[in-house]
*Asks:* 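Pasting in a structure now, in structure tokens, and then I'll have a few things to ask.
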Amino acid sequence: MITVLLVDDHALVRMGFKLMLDAQPDVSVVGEAGDGAEAVELSRRLRPDVVVMDLHMPGLDGVRATELITAELPHVRVLALSTFDLDENVVAALRAGAGGFLPKDISPEELVEGVRVVHRGESAVAPRLLTRLIGTFVRASRQRRSATPTPPAGLAALTEREREILKLIARGRSNGEIAGELGVSSSTVKNHVTNLFAKIDVRDRAQAVIIAYEAGLITPGE
């Protein structure tokens, strides 16, 4: 059973999501929070598997709440939701540790699948949407800064194959697609991904894509 905490400042939204999720045999909503501070407190007390987190709330917003939850409770996965598809807060939430992002007008099936995907430790953001989102905002961020961004310390420790795989992840390729492109097995790719994630200190593909863009390994639109 996947336990879920719902976080949204609108009670009707929480009610709708609860009905969608509780209708599934493998999902159970164990709590609801109306703001970020309550979300952090309930996460500490309930230890849910997944937190479905609205990003736009008064007081402590969803980005800061995500950062606090993932830092203190690394086993708790966060699925961020936003009304806006292209929202800089989405990238901030992914950087803060969210395992994925979905728009709030998703279908019940998409919400349920997003919760399941995030619970498995995978990214719930469609790869090409992810690269479009991150490419847009990382490009804007880099244009605002005159200094060259400092690459993560672990980037220099990557092997040539790991660096190649990181670039392919940043282009939206799945493990299966990477395996086909490089002519290796999916298990080999998975091992490389695990190793490179550890070296650059990221939790998932979403954060890895951000690192690749910000380090200049790949440029938006490439």
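Heads up: numbering here begins at 1 and tracks the sequence.
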*Asks:* Does the side chain of V193 come within less than 4.5 Å of I169's, by heavy atoms?
*Replies:*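 Yes, at least one pair of side-chain atoms sits under 4.5 Å.
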*Asks:* Side-chain contact test, heavy atoms from C-beta onward, threshold under 4.5 Å: evaluate it for I211 versus F197 and give yes or no.
*Replies:*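 They are not in side-chain contact.
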*Asks:* Test V40 against L60 for side-chain contact (heavy atoms from CB on, under 4.5 Å), laying out the working first.
*Replies:* CA-CA 10 Å; V40 174; L60 189 70; 4.2 Å; yes
*Asks:* Show your working on side-chain contact (heavy atoms from CB on, under 4.5 Å) between H119 and R77 and close with a plain yes or no.
*Replies:* CA-CA 6 Å; H119 179 248; R77 304 286 295 174; 5.7 Å; no
*Asks:* Determine whether I2 and Q24 satisfy the following criterion, side-chain contact (heavy atoms from CB on, under 4.5 Å), listing intermediate values before the conclusion.
*Replies:* CA-CA 10 Å; I2 304 171; Q24 306 304 311; over 6 Å; no
*Asks:* If you measure from CG on L168 to CD on E181, what distance do you get to the nearest 0.5 Å?
*Replies:*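 One gets 5.0 Å once the value is rounded to the nearest 0.5 Å.
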*Asks:* As an exercise, state the distance from CG of L155 to CG of L217, rounded to the nearest 0.5 Å.
*Replies:*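 Taking CG in L155 and CG in L217, the distance rounds to 5.0 Å.
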*Asks:* Distance check, rounded to the nearest 0.5 Å: T188 atom OG1 versus L182 atom CG?
*Replies:*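 Rounded to the nearest 0.5 Å, the OG1-CG separation comes to 10.0 Å.
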*Asks:* Taking V118 as the starting point, is it possible to reach L81 by hopping between hydrophobic residues whose side chains are less than 4.5 Å apart?
*Replies:*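 Yes, because L81 and V118 connect within a single hydrophobic cluster, where side-chain heavy atoms sit under 4.5 Å apart.
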*Asks:* Which heavy-atom pair separates D35 from V7 by the least distance, and what is that distance?
*Replies:*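 Minimum heavy-atom contact is O-CG1, 3.9 Å.
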*Asks:* Can you tell me how far apart CD (E72) and OG (S43) are? Round to the nearest 0.5 Å.
*Replies:*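 Spacing of CD (E72) from OG (S43) equals 9.0 Å.
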*Asks:* Where the side chain of R163 meets the backbone of A156, is there a donor-acceptor pair that is under 3.5 Å apart?
*Replies:*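 Judged by distance alone, no pair lies under 3.5 Å.
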*Asks:* Which atoms form the tightest heavy-atom contact between D8 and H10, and what is the distance?
*Replies:*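 Taking every non-hydrogen atom into account, OD1-N, 2.8 Å.
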*Asks:* Is it the case that one hydrophobic cluster holds both I200 and I178, taking links as side-chain heavy atoms less than 4.5 Å apart, direct or via other members?
*Replies:*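 Yes; I178 is reachable from I200 via cluster members.
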*Asks:* Answer yes when R14 and D9 have at least one side-chain N-carboxylate O distance shorter than 4.0 Å, and no when they do not.
*Replies:*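 No, this pair does not count.
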*Asks:* To the nearest 0.5 angstrom, please state how far the CD atom of E32 sits from the CD atom of E38.
*Replies:*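 The CD atom of E32 sits 9.0 Å away from the CD atom of E38.
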*Asks:* Do the side chains of E164 and R161 get close enough for a salt bridge, i.e. N-O under 4.0 angstrom?
*Replies:*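 Answer for the salt bridge query: yes.
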*Asks:* Using modelled atom types only, decide if a donor and an acceptor are shared between the side chain of E113 and the backbone of E110 within a distance under 3.5 Å.
*Replies:*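 Looks like no, no N/O pair under 3.5 Å.
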*Asks:* Could you tell me if the side chain of V112 sits less than 4.5 Å from the side chain of R116, heavy atoms only?
*Replies:*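 SC-SC contact between R116 and V112 confirmed.
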*Asks:* Heavy-atom distance under 4.5 Å between the side chains of R171 and V209, does that happen here?
*Replies:*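 Answer no - side chains too far apart.
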*Asks:* Where do L166 and A208 come nearest, in terms of heavy atoms and distance?
*Replies:*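 Distance-wise, the nearest heavy atoms are CD1-O, 3.7 Å.
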*Asks:* Quick one: are L79 and L102 in side-chain contact, heavy atoms under 4.5 Å?
*Replies:*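 A side-chain contact under 4.5 Å exists here.
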*Asks:* Taking all atoms of both residues into account, what is the closest heavy-atom pair of L42 and P48, and its distance?
*Replies:*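 That would be O-CD, 4.5 Å.
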*Asks:* One pair to check against side-chain contact (heavy atoms from CB on, under 4.5 Å): R47 and L73. What are the steps and the verdict?
*Replies:* CA-CA 8 Å; R47 305 296 175 105; L73 305 167; 3.5 Å; yes
*Asks:* Taking all non-hydrogen atoms of both residues, which atom of A65 and which atom of M53 are closest, and how far apart?
*Replies:*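 Between these two residues, the closest heavy atoms are CB-CE, 3.7 Å.
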*Asks:* Mark yes or no for whether K199, through its side chain, and L158, through its backbone, hold a donor-acceptor pair below 3.5 Å.
*Replies:*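 Pair absent, no side-chain N/O of K199 close to backbone of L158.
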*Asks:* Can V78 be reached from L55 by stepping across I, L, V, M, F, W or Y side chains whose heavy atoms are under 4.5 Å apart?
*Replies:*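 No.
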*Asks:* Could you check whether any side-chain heavy atom of E109 comes within less than 4.5 Å of a side-chain heavy atom of M20, counting everything from C-beta outward?
*Replies:*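 A side-chain contact is absent here, since even the closest heavy-atom pair is not under 4.5 Å.
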*Asks:* Supply the atom-to-atom distance I165 CD1 to H192 NE2, rounded to the nearest 0.5 angstrom.
*Replies:*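 Rounded to the nearest 0.5 Å, the CD1-NE2 separation comes out at 4.5 Å.
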*Asks:* Counting only heavy atoms from other residues, nucleotides and ligands, does the tally under 6.0 Å from CG of N191 exceed 12?
*Replies:*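 Count over threshold, so yes.
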*Asks:* Does a salt bridge link K104 with D54, judged by any charged N lying under 4.0 Å from a carboxylate O?
*Replies:*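 Salt bridge present between K104 and D54.
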*Asks:* Are L68 and V76 grouped together when hydrophobic residues (ILVMFWY) are joined by side-chain heavy atoms under 4.5 angstrom apart?
*Replies:*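 Per the 4.5 Å side-chain linkage, L68 and V76 are co-clustered.
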*Asks:* Any idea which heavy atoms bring M57 and G36 closest together, and the distance?
*Replies:*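 Of all heavy-atom pairs spanning M57 and G36, the closest is CE-N, 3.7 Å.
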*Asks:* Report yes or no: do V50 and F17 belong to one cluster of Ile/Leu/Val/Met/Phe/Trp/Tyr joined by side chain heavy-atom distances under 4.5 Å?
*Replies:*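 In one cluster: yes.
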*Asks:* Could you give me the CA-CA distance, side-chain angles and deciding distance for D49 and T3, then say whether side-chain hydrogen bond (donor to acceptor under 3.5 Å, both in side chains) is met?
*Replies:* CA-CA 5 Å; D49 295 315; T3 56; 3.1 Å; yes
